[in-house]
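Residue numbers run from 1 in the order of the sequence given.
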Amino acid sequence: MSEAEARHLEGALQDLRDLIETARTMPMSASVLVNRDEAIQLLDQARRNVPAELRHARWLLKERQEYLEQAKREANELLESARVQAERMVERSDIVREARRSAQQIIADAEAEARRLHHAAEDYVDARLAALEGLLDRTMTGVRKGRERIAVELPPEEKEEDDEEPGEVPVFDQDLTTQPDKGH
């Protein structure tokens, strides 16, 4: 603000003060009668003489207040966003923890079921093999009995002449039993 502007502002404000101080008082009151046109003219003159720096300072104060309010809103939004993100992270870690626990339980259940099925399969195979063994035993018994029925007991002298290998069962030869005697 220049010195001349400051003097003009000071002068207009002083003139306004003088106008009010020298104004006539109302009877039985502290109020004064002031010439309205004169007072408005002095106020307009003072306002015109308000330096640009003062107007700029007022504008800066207004801008500063708006900036502070905006910064406060952004800070609150940022805090809310951080809170929401922290909640999501906690929730995710809880979800991950629960998913791991659930996966471990599923694996344990699957392994137990696999063991149960393996044992059941072994029991089934054992039962089927036991049944087959019984069937084979009965079949072998039947085969032995059948062979014994058809086996002909050879006299001891013919047994020695046989070229059979030891442990071999003699084979029934039908022709030997039905040949006529050469001496008759």
Derivation and outcome, side chain to side chain contact (heavy atoms under 4.5 Å, CB included), residues Glu122 and His119: CA-CA 5 Å; Glu122 285 178 345; His119 292 308; 3.8 Å; yes
Check against salt bridge (Lys or Arg N to Asp or Glu O under 4.0 Å), Arg101 and Glu98: CA-CA 5 Å; Arg101 190 203 60 73; Glu98 179 61 25; 2.7 Å; yes
Full working for side chain to side chain donor-acceptor pair (under 3.5 Å) between Gln70 and Glu66 = CA-CA 6 Å; Gln70 177 65 27; Glu66 288 174 3; over 6 Å; no
*Assess whether salt bridge (Lys or Arg N to Asp or Glu O under 4.0 Å) is satisfied between Glu113 and Arg116, documenting all intermediate values.*
CA-CA 5 Å; Glu113 181 66 11; Arg116 188 190 67 73; 2.6 Å; yes
Evaluate the salt bridge (Lys or Arg N to Asp or Glu O under 4.0 Å) criterion for residues Glu87 and Arg83: first the C-alpha distance (whole Å), next the side-chain angles of each, then the deciding distance (0.1 Å), finally the verdict. CA-CA 6 Å; Glu87 285 176 3; Arg83 186 190 61 74; 2.3 Å; yes
Kindly determine whether Glu21 and Arg17 satisfy salt bridge (Lys or Arg N to Asp or Glu O under 4.0 Å), including the steps that lead there. CA-CA 6 Å; Glu21 278 184 355; Arg17 181 175 167 67; 3.2 Å; yes
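No donor-acceptor contact under 3.5 angstrom links the side chains of Glu80 and Asn76, judged on distance only. A donor-acceptor contact closer than 3.5 angstrom is absent between the side chains of Asp37 and Gln41.
Met140 CE to Leu135 CG: the interatomic distance, rounded to the nearest 0.5 Å, is 12.0 Å. We find the CD-OH distance between Glu74 and Tyr67 to be 8.0 Å, quoted to the nearest 0.5 Å. Interatomic distance, CG of Asp137 versus CD of Glu133, reported as 5.5 Å (0.5 Å rounding). Atom-to-atom distance recorded for His118:NE2 and Asp123:CG is 10.0 Å, nearest 0.5 angstrom. A distance of 13.5 Å separates CZ in Arg149 from CZ in Arg144, rounded to the nearest 0.5 Å. For the atom pair CG of Asn35 and CD1 of Ile40, the computed distance is 9.0 Å after rounding to the nearest 0.5 Å.
Side chain of Ser81 to backbone of Glu77: no donor-acceptor contact under 3.5 angstrom is found.
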